[in-house]
Amino acid sequence: GNSVTQMEGPVTLSEEAFLTINCTYTATGYPSLFWYVQYPGEGLQLLLKATKADDKGSNKGFEATYRKETTSFHLEKGSVQVSDSAVYFCALISEGAAGNKLTFGGGTRVLVKP
Amino acid sequence: DAGVTQSPTHLIKTRGQHVTLRCSPISGHKSVSWYQQVLGQGPQFIFQYYEKEERGRGNFPDRFSARQFPNYSSELNVNALLLGDSALYLCASSRTGFGANVLTFGAGSRLTVL
């Protein structure tokens with residue numbers, strides 16, 4: 001079955017530091033890949049997505065590249081801010097699935113200190 | 001436009017009771033999905049409905065049931081509550097029920113079972 005593995009947190013950074021959150025997946029075919037973010041006390045917000053190999057998703061300074069050869073979709077941001085403190089979830093939707101069920105990783109908590 | 005709205009936002013129940021959670025999708029979205037997020041974990045898929053028909057069901061016991069109404073809103077019902085049902089229940093809507101359509105999540109209903 002499908003699965004997503006993320007690096008465990010918490011990740012604690014200083015403001016303006018570089019952020020990387022590793023994500024690898026197991027899926028049949030060519031899934032679509034997503035990063036969602038969850039701020040304290042809120043639901044999930046889509047951060048970015050990529051639907052085919054070598055696609056790069058980007059939003060709000062965050063980037064992730066769909067790497068089929070390494071089955072990875074690592075999230076990066078060059079200079080984090082305190083407002084980036086949140087929990088980040090990597091997720092996938094299987095290619096050709098009957099529905100659009102998301103399979104999530106366990107989440108990575110990021111804390112950015114001023 | 002209003003986003004995905006869920007009610008109630010918080011509720012406390014005791015073991016053995018029944019709970020009904022409600023979700024209104026974004027206007028024009030015909031698919032609603034339900035996810036359970038236990039504290040510190042990634043969301044787990046419970047159900048998906050599209051055009052009032054069940055499109056997918058996750059690995060949850062029969063105590064969990066759902067339905068979608070003609071206006072595309074949805075209810076999640078959980079019978080015979082257990083302590084382990086304490087979680088944030090997230091509803092997500094999308095335009096269609098398949099493919100890499102983006103799922104937009106509501107803020108969730110936080111259920112505490114005592």
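In what follows, chains are A, B, ... by sequence order, proteins preceding strands, each numbered from 1. Only a predicted model underlies this, so the values are computations on that prediction, with no experimental measurement involved.
The environment of CD in A:Glu42 is crowded: more than 12 heavy-atom neighbours from other residues, nucleotides or ligands sit within 6.0 Å. Sparse packing is recorded around CG of B:Leu39, with 12 or fewer heavy atoms of other residues, nucleotides or ligands lying under 6.0 Å away. More than 12 heavy atoms of other shown residues, nucleotides or ligands fall within 6.0 angstrom of atom NZ in B:Lys52. The 12-atom threshold is not exceeded at CZ of B:Arg15, counting heavy atoms of other residues, nucleotides or ligands nearer than 6.0 Å. Remark: B:Asn71 CG is packed, more than 12 non-hydrogen atoms of other residues, nucleotides or ligands lying under 6.0 Å away.
The distance from the CD atom of B:Gln48 to the CG atom of A:Leu102 is 9.5 Å, given to the nearest 0.5 Å. Here CZ of B:Phe47 is found 12.5 Å from NZ of A:Lys101. Values are rounded to the nearest 0.5 Å.
One hydrophobic cluster, built from ILVMFWY side chains closer than 4.5 Å, holds both B:Tyr89 and B:Leu83. Residues B:Leu82 and B:Leu76 do not share a hydrophobic cluster, clusters being chains of Ile/Leu/Val/Met/Phe/Trp/Tyr side chains in contact below 4.5 Å. One hydrophobic cluster, built from ILVMFWY side chains closer than 4.5 Å, cannot hold both B:Tyr72 and B:Tyr50; they sit in different ones. Residues B:Val38 and B:Ile12 fall into different hydrophobic clusters, defined by Ile, Leu, Val, Met, Phe, Trp and Tyr side chains chained together at heavy-atom separations under 4.5 Å. At a threshold of 4.5 Å between side-chain heavy atoms, the hydrophobic network of Ile, Leu, Val, Met, Phe, Trp and Tyr places A:Tyr30 and A:Leu33 in one connected group.
Using non-hydrogen atoms only and a strict 4.5 Å limit, the part of residues 103-114 of chain A facing chain B consists of A:Phe104, A:Gly105, A:Gly106.
Contacts of A:Leu44 with chain B are made by both backbone and side-chain atoms, with heavy-atom separations under 4.5 Å. Proximity to chain A is limited to the side chain of B:Gln37, based on heavy atoms less than 4.5 angstrom apart. The part of A:Gln38 that comes within reach of chain B is its side chain, from C-beta onward, which places non-hydrogen atoms under 4.5 angstrom from that chain.
Of the listed residues B:Leu90, B:Leu103, B:Thr9, B:Val4, the one with more heavy-atom pairs under 4.5 angstrom with chain A than any other is B:Leu103.
Residues A:Phe89 and B:Gln41 share a closest heavy-atom pair of CE2-O, 3.8 Å.
No donor-acceptor pair under 3.5 Å is formed between the side chain of A:Tyr36 and the backbone N or O of B:Phe105.
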